[in-house]
Number of protein chains: 2
Amino acid sequence: MAPRTRRPQRRTEALSRERIVEAAVELLDAAGEGGLTFRALTERLATGPGAIYWHVANKGELLDAATDAVVAAALSLAPAEPAKPAGPAESAEPAESAGSSGPTEPAGSTEPAEPPDSPQDKIRAVAFGLFDAIEGHPWLPTQLALQLSRSPWGSVTPRIFESIGRQVRALGVPEGHWFTATSALVHYILGAAGQNAANTASARTFPPDVDRAEFLDAASKAWEELDPDDYPFIRAVAAEMREHDDREQFLAGIDLVLTGITALHLPSTQGGAPSSAT
Amino acid sequence: MAPRTRRPQRRTEALSRERIVEAAVELLDAAGEGGLTFRALTERLATGPGAIYWHVANKGELLDAATDAVVAAALSLAPAEPAKPAGPAESAEPAESAGSSGPTEPAGSTEPAEPPDSPQDKIRAVAFGLFDAIEGHPWLPTQLALQLSRSPWGSVTPRIFESIGRQVRALGVPEGHWFTATSALVHYILGAAGQNAANTASARTFPPDVDRAEFLDAASKAWEELDPDDYPFIRAVAAEMREHDDREQFLAGIDLVLTGITALHLPSTQGGAPSSAT
DNA sequence: ACCTGAACACCGTTCAAGT
DNA sequence: ACCTGAACACCGTTCAAGT
């Protein structure tokens, strides 16, 4: 079986913006932020820099396109153009694991959980889609921050905002609070996923034989070594941090924000815990 | 009156790590991410690159130090060393406006508001300290993301975590939920402040005579021009976005997360809206 | 219309040499 | 111990020239 050849020595199909972006994502995945250079790109694509500049204005635009492609795949939205039905990029996100409800346990809440396919569940699915995408592409949060500072109306933010916002609306939040509730969710998701990507990226700098558990152990040890006079709280939660599961933690935070939205903006429901509208 | 001379042509006091970091912050503030180069730094400090490398290992460490200094000032914590009592850096954050409760109105909530100096109020103060720092140093969020991916146990995250965590503890949250609640708050704050910094940085790229209102107008117009079939929700909130006040929005999000924490982790309180413990 | 590849300006970093 | 500054390897980008 040889469904796709890796690193074509000589280019067979014509250069295209799509292929360049695909190669850029591969380089970023393989070697991180500094791995994407025009020289590495020309070598991988077997061309000269001029050819790349014919399809792409500059490096910033290339990074934006790579960021956008990965996020679009994670949100399961079509990336601007229909493209071929078969999955083209080898680094595209499957986003299938995000379809079901939660990771290990539903949450720390005592609530039994809403009906499947509730808006809450769909919000969790979108969040985990991004979470997983970032885990596979640790360079994403930084690039997202950079793109954000270049042009806040870039294509990535609207995509995320739209995905979450639709579910906020379905939740029954009154129109006057749509923006606030959606912003809170999006900000939490990006912040938390970014923090987690930092851990992932940092764990990669360790020798490969050191697994994630050992890394977390080392990290929490570093926290424990902080001056107890300056950092009493951190000392107190260092143990909790060592035992925590990233996905579970992420989900608990989402449920926390969802609870806040429900309690503040859906006073009709009794109790305040997240439950489906009606 | 000449309390401090700007851009000394010839260096009078000896070079120090502190002075280098100070100059780095100034360059970042003036010209953004790309403004900090070793050549600009040597010119400003009237030295050669070797002198800088004697005090600082490399550019990454310098960026980390600059980020740390600004965040530490924003949190009103001592930046590693006591330094002189008089404010040394001209770019240090005052963080005084964050001392009082809110910006324009307390919140969109119907609750009357907690007693001043409540944990909730202190959380808001810390959050606005960071919010203001980021507004003055739009390069901060990106550098924070970069530092995070270099070493998650860097000094900045613990600082923020500690400041928020203490108040979460004071809130009466049971110990088992400290980490979750604090993480949710920190992630929201960093995510929201980062988004806002993006707007600020982007507004700066406009000609100076275009004020922020016009910029927001242009931004929301860009959102309104998105394909209504792909982005129905965004179209619906574009108007809301144009009218929103950044600080008010930020505060509303914090109160939303606080409400979630109160409702989920302080079941003793009645109702679910944030109120002080006991 | 699309691609080539030498050339340019600029960057972070090093290091033998000074004081 | 602290600083100098020429030199090095590498980067993003350009552009006259090809097909």
Side-chain angles (χ1 to χ4, degrees), chain A residues 7-28 30-67 81 139 142-143 146-147 149-151 205, chain B residues 7-28 30-67 81 139 142-143 146-147 149-151 205:
Chain A
R7 298 200 59 182
Q9 289 278 358
R10 238 170 284 166
R11 181 158 31 90
T12 88
E13 56 181 319
L15 207 54
S16 70
R17 190 184 155 96
E18 218 178 20
R19 267 194 58 72
I20 294 172
V21 171
E22 183 188 329
V25 170
E26 289 170 11
L27 284 171
L28 285 166
E33 327 267 357
L36 178 59
T37 65
F38 273 83
R39 269 162 248 265
L41 213 48
T42 55
E43 196 192 356
R44 195 179 194 90
L45 294 170
T47 33
I52 296 174
Y53 275 94
W54 177 259
H55 295 277
V56 164
N58 52 38
K59 192 178 182 180
E61 191 188 296
L62 181 55
L63 282 165
D64 283 355
T67 304
E81 45 198 350
W139 46 271
T142 304
Q143 288 311 314
L146 276 169
Q147 173 171 357
S149 68
R150 272 192 295 262
S151 62
T205 66
Chain B
R7 294 203 60 182
Q9 289 278 355
R10 239 170 284 165
R11 182 159 28 94
T12 90
E13 57 181 321
L15 207 55
S16 69
R17 189 185 157 95
E18 219 178 19
R19 267 194 57 72
I20 294 173
V21 171
E22 183 188 329
V25 170
E26 288 170 12
L27 283 172
L28 285 166
E33 326 268 357
L36 177 60
T37 66
F38 274 83
R39 269 160 248 266
L41 213 48
T42 56
E43 195 193 358
R44 195 180 193 90
L45 294 170
T47 35
I52 296 174
Y53 275 95
W54 178 259
H55 296 277
V56 165
N58 50 41
K59 193 177 182 182
E61 192 188 296
L62 181 55
L63 282 166
D64 283 355
T67 305
E81 47 198 348
W139 46 271
T142 304
Q143 288 310 316
L146 276 168
Q147 173 170 356
S149 68
R150 272 192 296 262
S151 62
T205 65

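Keep in mind that the numbers below use all heavy atoms, side chains included, and drop hydrogens, waters and symmetry copies. To find a chain, count down the sequence lines: A is the first, B the second, and so on, and within it residues start at 1.
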S.K.: For DNA chain C, what are the stems built from at least three Watson-Crick or G-U pairs in a row, each pair having both distances below 3.5 Å?
M.R.: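 Stem segments, range with range: C:4-8 with D:12-16, C:12-16 with D:4-8.
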S.K.: Give me the distances for all protein-to-nucleotides 5-9 of chain C N/O pairs that come in under 3.5 Å?
M.R.:
unit_1	atom_1	unit_2	atom_2	d
C/dG5	O6	A/Gly50	N	3.1

S.K.: Are OP1 or OP2 of C/dC2 and a side-chain N or O of A/Trp54 less than 4.0 angstrom apart?
M.R.: yes
S.K.: What are the two closest heavy atoms between A/Asn58 and A/Tyr53, and how far apart are they?
M.R.: CA-CE2, 4.0 Å
S.K.: With sequence neighbours left out, write down each residue that passes side chain to side chain contact (heavy atoms under 4.5 Å, CB included) with A/Ala40, or none if nothing qualifies.
M.R.: A/Leu27, A/Thr37
S.K.: Grab the CD-P distance between B/Glu61 and C/dT13 for me, whole Å please.
M.R.: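 These atoms are roughly 11 Å apart.
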S.K.: Regarding A/Glu22 and A/Arg44, does a basic nitrogen lie under 4.0 Å from an acidic carboxylate oxygen?
M.R.: no
S.K.: Examine distances only and state if a side-chain atom of A/Lys59 and a backbone atom of A/Phe38 form a donor-acceptor pair shorter than 3.5 Å.
M.R.: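 No, the answer is negative, given that no donor and acceptor are paired below the 3.5 Å cut-off.
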S.K.: Using a heavy-atom cut-off of under 4.0 Å over every strand shown, decide if A/Leu36 touches base, sugar-phosphate, or nothing.
M.R.: sugar-phosphate
S.K.: On the nucleotide D/dA1, are OP1 or OP2 found under 4.0 Å from the side-chain N or O atoms that B/His55 carries?
M.R.: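 It does not, given that no N or O in the side chain of B/His55 lies less than 4.0 Å from OP1 or OP2 of D/dA1.
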S.K.: Compare the minimum distances between each of D/dT14, C/dT14, D/dC11 and the side chain of A/Tyr53, then state the nucleotide with the smallest one.
M.R.: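 Closest nucleotide among those given: D/dT14.
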S.K.: Hey, what do you get for CD1 (A/Ile52) to CG (A/Leu41), rounding to the nearest 0.5 Å?
M.R.: 4.0 Å
S.K.: In whole Å, what is the span from the CZ atom of A/Arg17 to the C1' atom of C/dA1?
M.R.: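 For the pair A/Arg17 CZ and C/dA1 C1', the rounded distance is 17 Å.
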